[in-house]
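Throughout, a chain's letter reflects where its sequence line sits, starting with A, and its residues are numbered from 1. None of the values given here were measured: they were computed from a predicted structure.
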Amino acid sequence: MINAAGRDIPEQIKGIKDIKLYKGEFAYTPSTVKAGKKIRVGIPHTDKILENIDASIEKIGLKDGQTISFHHHLRNGDYVMKMVVERIAAKGIKDITIASSSLSPCHDFLINYIENGTVTALESSGLRGELGKYLTKNPQALKKPVIIRSHGGRARAIEAGELHIDAAFMAVPACDHLGNATGRKGKSAFGSMGYAMIDSAYADNVVLITDNLMEDPVYPYSIPQTDVDYIVKVDEIGDPAGIASGAIRMTKSPTQLLLAKYAAEIMEQTGVLKEGFSMQMGSGGASLAVAKFIREKMEKQQITGSFGIGGITGIFADMLKDGLFKAAYDTQTFDTAAIESIKENPNHIEISASFYANPWNAGPIVNNLDTVILSATEVDLDFNVNAITDSNGICMGASGGHSDTAAGAALTLIVVPLVRGRLPMIRDHVQNVVTPGDSVDVIITDRGIAINPKRKDLVEKLQGSSLPICTIEELQKIAYEFVGKPEEVELSSDDKDIVAVIEYRDGSIIDVIRKPILD
Amino acid sequence: MQLNKDCILKNTATAGFEEKNDILITVEASNNDDITVDLTSSVLRQYGRHMKELITATVKEAGFTGIKVTAIDKGAWDYTIKARVLAALERGMK
């Protein structure tokens, strides 16, 4: 079955009920009501604090076949998933689905627990590292393909009851004895708890795991005590070096800076850069570097923006502090400088993943974006964007907020070098679609800029511009003149070799990742 | 059969580096007339066939036969590949 992104989706996929094909950005209208969590009665003067993780697994009565969730605010420094999965395995519990808001290389340990049958399914935004390679090569190691969701898509799936969480194990950098928790305090502070807020609100059981159990009431809190069943204290929830990088620095790469400069120019020349505008910058080198050029233009023209969304970095936090924007909406705080900002600056606002990007609520903030600047692992002639697999078809990226922000923003800019190493980044067809060409307006490369022909208004506005505007086909041709046309990577057509299903943010299937035939 | 009397590889020689966008070429004389290429590359699936052909043709055009080429590639473009092959051959003649 061919979907609206031109991808061939099998009629049946193991373990996936009700296959909905992607039909366009806003094609589906839900008619259901929100899911709810199991009602709980807190008994006066009982203690939520348990001795260890084993006790929490016993208390919630975790069984074979259930779904547990984690958040990825600890990024590549997360210790908590391993702690929990080890204890689940030690108890002989099998057939667990792990629904994490994302997965990092620190979760490569899961390979062992997949091989011994403890973990049999994964749902995540990202799939990378050794785990990504392993599952790409051994898709049949799990009982069904991995489900890849965007950040907004995951919030939607939870709220709509498509992803039911039996138990959420939430790492928190600080909480009080009643379970009020924040990401702002403690040695493992990571800032916003945007992903964790959804899991805590909808999971049947919520266990907080903390290395900072505070005697005084914690306020403001991101997870309220009313959602928390148990608390376990451990020595460390994560490795500070992996949780947050020091202040993310501006790239020095001339290519990245050129891409950023073009993006800022386009914002100016299309009239986006005006009083009260809003934007999101991806965390990639080029997209983040746009801040440098935008700042110069805003200061020179005395423009104040309305808000920024993130993925907030120190670079954006500085713009907020300097009064260039009125507010920063933050689901996930990227570096130590931004963590300081969310602690101190009242205009730096913590939001949930649903507030950020869930297409099925009355107003995710992405809907009000004027511009988003995003990177890509590759793009194609139809303006589709891949952000999950590399040119060899190996899972090494994440869906993240890519398709969410691209659908919401009035102007979606993709920054990508024309050639990486020897590989041309404009393909006939991307290896996998994460964001459909429907949402992409301009592709910016170091050798030229292509406007989606569907955006006639932009083509018109940029006519006569000094920017190197050309067609996407011309850009591809330039790349081929440099490096030649690459041969296609051969993929297995066997439906048993589907590594992952990529859900669009509305839950429809935009693509499947098939196992590449490697030597 | 040697096409050109000057084109004799006296020593095993290398050119290039195992760096991004470069290729490390090692050439050595083999005991038959064939040109063989042993290629490791980060873009083997996309350009492997093309690169082997290019390396073989470059060796042949330079007038050599009976050469074993070992290439470790990190995404070099054609002009780099050609230059590294020729440099390795020239070094091997001395």
Side-chain angles (χ1 to χ4, degrees), chain A residues 132-133 136-137 251-256 285 377-380 386 389-396 416-432 445-447 476-492 497 499 513-519, chain B residues 13-27 30 34-62 64 67-90:
Chain A
K133 279 185 207 155
T136 310
K137 286 173 188 166
T251 178
K252 290 200 173 89
S253 148
T255 310
Q256 307 267 43
T377 62
E378 50 178 21
V379 298
D380 68 22
N386 183 9
T389 46
D390 68 11
S391 302
N392 285 320
I394 310 277
C395 294
M396 47 65 73
V416 65
L418 189 65
V419 177
R420 274 199 185 102
R422 187 181 177 143
L423 294 168
M425 289 296 117
I426 300 173
R427 313 285 311 277
D428 291 346
H429 302 285
V430 280
Q431 202 71 251
N432 292 104
T445 77
D446 44 324
R447 297 280 173 174
Q476 189 190 50
K477 201 166 152 254
I478 297 171
Y480 285 179
E481 278 165 12
F482 287 139
V483 294
K485 186 179 166 132
E487 288 180 46
E488 295 289 328
V489 171
E490 217 184 312
L491 302 174
S492 167
D497 282 339
V499 178
I513 301 176
R514 290 178 180 276
K515 176 184 167 177
I517 300 170
L518 307 170
D519 9 78
Chain B
T14 69
F17 300 93
E18 276 188 65
E19 298 283 346
K20 256 189 186 172
N21 282 101
D22 201 350
I23 185 166
L24 173 62
I25 296 279
T26 307
V27 291
S30 67
D34 296 341
I35 299 165
T36 58
V37 180
D38 180 10
L39 174 67
T40 320
S41 171
S42 54
V43 293
L44 193 69
R45 267 164 229 113
Q46 291 83 2
Y47 292 102
R49 208 178 320 182
H50 164 81
M51 290 170 70
K52 279 186 186 174
E53 283 169 10
L54 177 69
I55 292 169
T56 310
T58 306
V59 174
K60 226 182 244 175
E61 275 164 31
F64 289 83
I67 301 286
K68 180 174 181 274
V69 183
T70 308
I72 303 170
D73 169 65
K74 299 249 171 172
W77 295 14
D78 282 357
Y79 61 83
T80 308
I81 299 171
K82 237 173 147 171
R84 295 303 189 195
V85 170
L86 292 174
L89 289 169
E90 202 170 308

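- Heavy-atom distances place both the backbone and the side chain of V483(A) under 4.5 Å from chain B.
- No more than 12 heavy atoms of other residues, nucleotides or ligands sit less than 6.0 Å from atom CZ of R447(A).
- Inspection of non-hydrogen atoms places Y47(B), R49(B), H50(B), M51(B) of residues 47-57 of chain B under 4.5 Å from chain A.
- Both the backbone and the side chain of D78(B) come within contact range of chain A, each with at least one heavy atom under 4.5 Å from a heavy atom of that chain.
- R422(A) and A76(B) get closest at one heavy-atom pair: NH1-O, 3.2 Å.
- Contacts of residues 82-90 of chain B with chain A at a heavy-atom distance below 4.5 Å are absent; not one residue qualifies.
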Validation: residues 425-432 of chain A side-chain donor-acceptor distances under 3.5 Å, sequence neighbours left out:
residue	atom	partner	partner atom	Å
R427(A)	NH1	E378(A)	OE1	2.9
R427(A)	NH2	E488(A)	OE1	3.4
D428(A)	OD1	Q476(A)	NE2	2.8
D428(A)	OD2	K485(A)	NZ	2.9
Q431(A)	NE2	S391(A)	O	3.1
N432(A)	OD1	T389(A)	OG1	2.8
N432(A)	ND2	D511(A)	OD2	3.3
N432(A)	ND2	V512(A)	O	3.0

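- When the shell of 6.0 Å around CD of E490(A) is examined, it contains 12 or fewer heavy atoms from other residues, nucleotides or ligands.
- With a 4.5 Å cut-off on non-hydrogen atoms, S41(B) does not touch chain A at all.
- Annotation: side-chain contact (heavy atoms from CB on, under 4.5 Å) contacts of D390(A) (sequence neighbours excluded): N392(A), I394(A), M396(A).
- In this structure, F17(B) places its CZ atom where only 12 or fewer heavy-atom neighbours from other residues, nucleotides or ligands lie under 6.0 Å away.
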